[in-house]
Amino acid sequence: GRLGVAGVLDLGPRLSHLRYLVLAESGLSVVDLEPLRYCTVLAELCLAGNEVENCQFLQPAFASTLWRLDLDRNAVVDLTGLGFLPNLRVLSVQDNLVTSLRPLLGSGSTGGAGGGGGGG
């Protein structure tokens, strides 16, 4: 038979080698995403078209590997949690309820255009 979204998330520790995960249009909320803690090398995550309300599902487990996150067409209001993703390069939050991009600045940032390491 076919393995549904719930079945994929029930795989728990067997998700540890997953680098790319698409769970679009699956009716998932933040509570459903708890098993993502096992995705320790996750690089790309697509959760478009779900019922995700915030970014608290983001796990320190993949903080250093996640570079692409698609949260289009959800109910996200608050982006808190995204500031600790140092390698995040692509973020899509179209059709959400986001009111501030401040959490993307991370702690201690003053904003402005970033730059990578100081060459000199």
Side-chain angles (χ1 to χ4, degrees):
R2 191 172 160 174
L3 186 63
V5 171
V8 169
L9 292 175
D10 285 342
L11 292 173
R14 289 175 280 185
L15 297 172
S16 66
H17 299 291
L18 208 56
R19 296 189 51 75
Y20 180 73
L21 181 60
V22 176
L23 295 170
E25 312 294 337
S26 301
L28 298 172
S29 69
V30 172
V31 174
D32 302 314
L33 300 174
E34 192 269 337
L36 291 180
R37 74 178 190 276
Y38 295 109
C39 299
T40 56
V41 295
L42 196 60
E44 299 181 59
L45 178 60
C46 175
L47 295 170
N50 280 288
E51 299 170 15
V52 175
E53 306 89 11
N54 59 56
C55 296
Q56 293 179 3
F57 67 90
L58 293 168
Q59 301 289 331
F62 54 77
S64 65
T65 58
L66 192 69
W67 70 270
R68 182 184 184 108
L69 178 61
D70 182 345
L71 291 170
D72 291 349
R73 300 180 319 281
N74 276 281
V76 176
V77 175
D78 185 5
L79 296 177
T80 299
L82 292 179
F84 78 92
L85 299 172
N87 293 316
L88 190 65
R89 298 292 177 258
V90 180
L91 171 65
S92 188
V93 290
Q94 291 182 342
D95 297 323
N96 277 282
L97 306 169
V98 175
T99 57
S100 173
L101 297 179
R102 184 173 302 271
L104 296 178
L105 300 177
S107 61
S109 176
T110 57

Original post:
Taking T65 for the side chain and A43 for the main chain, is one N or O donor matched with an acceptor at less than 3.5 Å?
Top reply: no
Subject >> Minimum heavy-atom distance D72-S92, with the two atoms named >> reply: OD1-OG, 2.5 Å
Subject >> Inter-residue atom distance R19.CZ - T40.OG1, 0.5 Å rounding >> reply: 10.0 Å
**OP:** In sequence, state the C-alpha distance, the side-chain angles, and the governing distance for L18 and L11, and then conclude on side chain to side chain contact (heavy atoms under 4.5 Å, CB included).
**Re:** CA-CA 11 Å; L18 208 56; L11 292 173; over 6 Å; no
Subject >> Atom of P86, atom of A63 and distance for their closest heavy-atom approach >> reply: CD-O, 3.3 Å
Original post:
Are L42 and W67 joined in one hydrophobic group, where the rule is that I, L, V, M, F, W and Y side chains link up if heavy atoms are under 4.5 Å apart?
Top reply: no
**OP:** Would you give the length of the straight line joining atom CZ of R102 to atom CG of L79, rounded to the nearest 0.5 angstrom?
**Re:** 12.5 Å
Subject >> Minimum-distance pair of heavy atoms, taken over all atoms of L82 and L91 >> reply: CD1-CD2, 3.7 Å
**OP:** Could you name each residue pair satisfying salt bridge (charged side-chain N to carboxylate O under 4.0 Å, His left out) that touches residues 54-67, not counting sequence neighbours?
**Re:** none
**OP:** Please round to the nearest 0.5 Å and tell me the distance separating atom CG of L85 and atom CD of Q59.
**Re:** 11.0 Å
**OP:** Any salt bridge (charged side-chain N to carboxylate O under 4.0 Å, His left out) involving residues 88-100? Give me the pairs, sequence neighbours left out, ordered by first then second residue.
**Re:** none
**OP:** Take L21 and L15, measure what side chain to side chain contact (heavy atoms under 4.5 Å, CB included) needs, and give me the verdict at the end.
**Re:** CA-CA 10 Å; L21 181 60; L15 297 172; 6.0 Å; no
Subject >> Main-chain N/O of L66 paired with N87 side-chain donor or acceptor, under 3.5 Å >> reply: no
Pairs under 3.5 angstrom only: tabulate donor-acceptor contacts from the side chains of residues 47-55 to other protein residues two or more places apart or in another chain.
residue : atom : partner : partner atom : Å
N50     : OD1  : S26     : N            : 3.0
N50     : OD1  : G27     : N            : 2.9
N50     : OD1  : L28     : N            : 2.8
N50     : ND2  : L23     : O            : 2.8
N50     : ND2  : L47     : O            : 2.9
N50     : ND2  : A48     : O            : 3.4
N54     : OD1  : Q56     : N            : 2.9

Subject >> Step-by-step side chain to side chain contact (heavy atoms under 4.5 Å, CB included) determination, L45 to L36 >> reply: CA-CA 10 Å; L45 178 60; L36 291 180; 4.0 Å; yes
Subject >> CG on N74 to CG on L97, rounded to 0.5 Å >> reply: 9.5 Å
Original post:
Do you reckon L71 sits in the same ILVMFWY cluster as L101, going by side-chain contacts under 4.5 Å, direct or chained?
Top reply: yes
